Amino acid sequence: MQQQENSGSVLKQVDWFTVILYLILVMAGMVSIYAASYDFDHANMLSFTEFSGKQFRWIGLSLVLGLVLLLIDVRVYENYAYVIYGAVLLLLLITIFIAPDTKGSHSWLVLGPMSLQPAEFGKFATALCLAKLFSSYNFVLNASRKNYMLALMIIFLPVVLILAQNETGSALVYLSLFFVLYREGMSGLVLLAALCAVTFFVVAVKFTGSMLLGIPSGQAAVFIMIMVLIVAMLAVYCKEFTAARNVFLWFAGTGIAVTVLELCGVEVPGTIFFIAVIMASLAYCVLLMFKTTARKLIITVATALAAIVFLFSVNYAFTSILQPHQQMRIKVALGMEEDLRGAGYNVNQSKIAIGSGGVWGKGFLNGTQTKLKYVPEQHTDFIFCTVGEEEGLWGSTAVIVLFLILILRIINIAERQPTVFGRVYAYCVASYLIFHISINIGMVIGLCPVIGIPLPFFSYGGSSLWGFTFLLFILLRIDASRRERSF
Amino acid sequence: MRKDYNLEKRRYIISGFIVVIALIYIARLVSLQVLDSKYKEYADSNAFLRKAVYPSRGIIYDRDGRLVVYNQPAYDVMIIPRDVKEFDTLDFCRAINITPEDLRKRFIDMKDKRRNPGYSSYSPQRLLTHLSAEEYGRLQEKLYRFPGFYIQKRILREYNYRTAANVLGNIREVAQKDIDKDPYYMPGDYIGDIGIEHTYEEYLRGSKGAEVLMRDALGRIQGRYEDGALDRDAVAGKNIKLSLNIELQQYAESLMVNKKGAVVAIEPSTGEILCLVSAPSYDPRLLVGRERGKNYNEMMRDLDKPLFNRAIQAVYPPGSTFKPTQGLILLEENIITTGTMFPCAHGFISGGLRVGCHGHGSPLPLKPALQTSCNAYFCWGFKAMIDKRSKYGSSANAFEIWKNHLVSMGYGYKLGIDLPGEYRGYIPNSKTYNGYYGEGHWSANTIISVSIGQGEILATPLQIANLAATIANRGHFITPHVVKEIQDTVMPAQYLEKHTPTIAAHWYNDIAEGMRMAVTGGTCRIANLPDIEVCGKTGTAQNPHGRDHSAFMGFAPYHDPKIAIAVYVENAGFGATFGVPIGSLVMERYLRGYIPPERKYLEERMLQSNTIQFAGTKKH
């Protein structure tokens with residue numbers, strides 16, 4: 001453990017597969033930036049006055065940075081994790097006050113000729129800190145509530161600070177660390193609940209047009225999904241198969257009955273019907289508790305009740321808590337509004353860019369949408385549409401597959417770590433990438449609301465590139481020394 | 001260290017989750033990029049501005065090279081609706097002299113899919129048309145303040161002479177049915193309407209060019225797509241030389257002022273029309289520019305029907321101008337010789353039937369009959385032919401032969417002039433009369449009035465002029481036409497070939513001599529010029545619309561005809577009163593270039609006289 005590492009052996013141990021993936025992605029990114037910002041007058045890809053030229057310089061510096069990170073003793077990261085975390089939090093705090101106002105956000109620190117976004121460095125600091133916490137002696141997430149609170153605090157401190165900078169997108173990224181918590185023992189029900197919440201929200205908000213049983217069909221659909229959830233939880237989670245069958249038959253029977261009534265012209269009040277039927281099934285579950293283990297049934301009943309409460313609060317939350325521009329972004333993402341001049345403009349133009357690419361694309365530098373600057377932010381957040389337009393389905397699928405391979409590779413690296421520190425850190429990196437990539441591409445192809453976060457390695461900008469380089473190369477460094485540390 | 005294998009399995013749930021997301025995204029890309037083709041069109045309409053480049057329309061000259069119709073620039077305000085931002089409406093309206101209400105209405109009309117089916121917020125739409133040069137200048141200066149607006153230069157027609165409106169025609173904006181018929185046209189294009197603008201549209205319009213420009217998100221032009229490889233140059237329309245002598249046209253029109261009727265003059269040797277007047281007419285400039293619609297509607301409502309081209313569309317009973325055809329048929333059919341005499345007892349009296357005539361010697365042969373326009377002669381001749389059962393078997397058969405001769409002379413069917421809307425006139429056939437009277441129940445007497453160009457017979461002034469040209473040519477004609485040359489193009493063959501009626505050529509000399517006698521000592525004495533040998537035939541056509549129509553047909557000079565003419569003045573009385581003076585003045589003006597002082601009185605009388613008051617407003 002105390003033996004001196006030599007740098008040559010570190011380089012031998014580095015996961016070159018990941019390094020090559022990294023290089024392919026950053027180079028592809030630079031080429032896309034060149035295409036996105038191509039101008040008839042400036043045709044030099046490496047000209048330092050151009051976006052692609054600047055990005056080239058950033059890439060060069062990142063490689064140096066990566067090499068330096070590989071040469072730093074792995075214990076530095078581990079020993080100074082809290083210090084780094086603290087320092088970055090301080091930086092984030094200072095940034096709130098000294099950063100100039102750029103489009104309402106205070107997230108950029110201007111240092112002479114260049115500006116940095118400290119939020120990008122919050123990611124690796126938080127990851128290190130979380131890894132450090134989990135690797136502390138005998139730390140088990142599920143062991144005590146205090147452990148949960150510690151982990152959540154580490155995650156949410158930077159979130160609060162970044163929200164204060166008015167960078168909602170960057171703050172949301174930290175929510176992805178719930179994947180890490182899940183991997184380290186957090187109940188899957190939390191993720192399931194989150195999934196259900198998102199689904200219910202989307203269905204209840206989106207389908208308000210047609211009516212079913214006197215209530216908007218979206219609400220009715222959510223009620224039915226809650227019924228399915230109850231049956232599924234009884235069967236899969238509680239392993240109460242008889243009860244699940246009985247409840248299913250109850251739901252199906254009342255459903256058929258109400259359908260027949262409707263067809264006969266009898267108006268059944270929807271809300272009362274659903275609430276009554278579900279409450280009856282929950283009462284049945286409560287009765288069951290006297291016969292068998294109660295805990296899982298209680299959770300089931302609680303989940304169902306929570307879902308109903310959630311459903312009733314969705315409308316209130318959507319119209320009263322969210323700001324109009326956020327409502328609009330969500331409506332655009334759900335396809336409820338076009339709003340081509342406002343929130344929908346970017347997405348519409350980027351869909352046009354991607355959609356017009358066809359199977360094989362228009363060819364390098366032949367994209368009219370991007371070259372003529374129809375897509376705003378096309379070299380930063382919307383860089384993926386350049387790929388879609390010029391390289392077509394082929395190119396954009398290739399990029400998605402490359403990212404998929406990278407994430408799977410990182411998960412693979414995570415699982416082969418001998419230390420909890422290494423594993424947790426690796427999962428943090430994977431989580432960030434999952435969030436960034438799926439939200440960014442989802443937004444460009446019109447599946448997610450517009451959240452301004454960059455596409456890792458692709459989007460123009462030093463901070464983003466450096467932030468992810470930090471994340472990745474520290475991981476590679478930790479991974480490179482896994483053998484010496486397996487004892 | 002402790003390993004929790006249960007937790008380790010969660011890697012697969014996380015991996016599965018991201019694989020599912022990747023698959024959803026790839027499916028979405030397939031749907032966007034492969035299954036849905038609309039994005040390609042959107043991208044093109046975003047990026048490419050297809051700008052039509054309008055060619056100049058062909059210029060029109062008269063037969064002597066005088067400039068008749070040329071182009072003047074006009075400016076249309078175009079907009080690309082989705083690029084239009086909020087703008088200062090008042091400022092805009094002030095620049096081009098319209099009211100904000102008008103502008104608002106134009107916007108509403110433009111977006112009305114029924115009025116403007118081609119509306120799209122992505123493509124250029126025509127907001128306003130026909131800006132004057134000053135309006136254009138004022139707007140151009142301010143244009144930078146109105147994003148989404150641009151000005152398209154167009155051409156309008158400018159007329160050097162206020163004459164020949166019905167021959168020249170005009171141009172109008174295309175209607176949807178024009179676009180449906182010919183995809184060359186786009187909304188807002190111009191197309192020839194009536195006259196040669198219509199007939200020769202394909203020559204005059206040239207071929208539109210196109211510029212494919214690239215346009216960025218702010219609507220700024222970023223250059224030509226592929227350096228102009230897809231651009232097409234506009235090809236200018238072909239110039240046209242009319243066969244009209246525009247000054248003769250103007251002169252003839254002036255003689256027809258305050259009259260209803262038509263004058264058609266033809267160069268016999270070529271079939272080229274020297275003037276084609278329909279009165280009343282209008283100033284062709286009325287149908288240009290922003291006022292076109294209003295003026296057009298006014299003329300449509302005008303009871304004198306200025307838009308009705310009487311020279312080719314009005315069908316009149318030809319009256320006595322028809323008699324030469326009768327002479328020709330009777331000679332050809334050997335019913336008469338030039339010496340055959342028929343009696344005239346102040347008319348034709350047969351079986352209780354009487355067709356009146358005027359005082360002259362009796363009996364008389366063919367030429368004096370033409371000279372004096374004897375009705376009785378041609379009635380007897382007609383009767384001799386139609387009732388000659390020994391030769392034809394029946395009156396019906398005889399009548400068919402009579403009719404076929406007339407058709408060969410250009411009656412009863414369209415001659416095929418290069419102007420739209422020609423009427424065919426009317427020559428009945430035996431079936432018509434079988435229908436009226438029953439088969440075998442009619443004879444020459446029943447239908448005797450057709451022999452003197454009355455009854456069912458109807459002909460256009462053009463057909464009468466064509467007869468004059470045929471006689472002048474002593475037996476053939478070339479389809480009359482108003483265009484002499486098309487730039488770089490051979491004239492259509494139909495305007496070059498000779499048509500020979502079914503009458504032997506030598507008979508025409510006799511008819512021409514009769515017509516010469518009518519001028520020297522008959523009904524056309526007013527046309528008797530000292531140094532030009534004019535031949536002519538008057539016509540006084542009874543009609544159901546009031547006073548007789550005054551008609552004249554003739555040609556000159558007798559031995560080497562340069563001009564053949566037909567004049568028809570509605571409800572103006574005797575042929576000699578208006579037809580002969582106008583016809584002779586036009587011929588004299590053409591052949592001599594001026595009217596000598598001793599005939600100025602006649603010219604003056606024609607210019608001053610007004611017969612329109614006698615002309616009913618009849619339905620055609």
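Convention: sequence-line order gives letters A, B, ...; per-chain numbering from 1. This one's a predicted model, so the numbers in the text were calculated from it and none came from an experiment.
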Check: F179(A) ring centroid to F17(B) ring centroid under 6.0 Å: yes
Best-contacting candidate, [options], against chain B by heavy atom pairs under 4.5 angstrom:
{"options": "A414(A), G188(A), G442(A), G357(A)", "value": "G442(A)"}
{"options": "V359(A), L393(A), N412(A), L191(A)", "value": "L393(A)"}
{"options": "A353(A), S396(A), A430(A)", "value": "S396(A)"}

R10(B) NZ/CZ over Y427(A) ring centroid, <6.0 Å and within 45° of normal: no
Pairs of heavy atoms under 4.5 Å with chain A: top-ranked of V19(B), I13(B), I18(B), V34(B): I18(B)
Residue selection (most heavy-atom pairs with chain A, distance under 4.5 Å) from V30(B), I21(B), I26(B), L35(B): I26(B)
Side chain / backbone / both / neither for I434(A) at chain B, heavy atoms under 4.5 Å: side chain
Part of I441(A) lying under 4.5 Å from any heavy atom of chain B: both
Under 3.5 Å: donor-acceptor pair, side chain of K208(B), backbone of Y184(B): yes
Derivation of the side-chain contact (heavy atoms from CB on, under 4.5 Å) call for Y185(B) and R205(B): CA-CA 11 Å; Y185(B) 297 104; R205(B) 75 183 180 193; 2.7 Å; yes
For F87(B), ring pair (Phe, Tyr, Trp, His ring centres under 6.0 Å) partners two or more places apart: F92(B), F146(B), F149(B)
Residue list, ring pair (Phe, Tyr, Trp, His ring centres under 6.0 Å) with F384(A), at least two apart or on another chain: none
Region of R28(B) that comes under 4.5 Å of a non-hydrogen atom in chain A: side chain
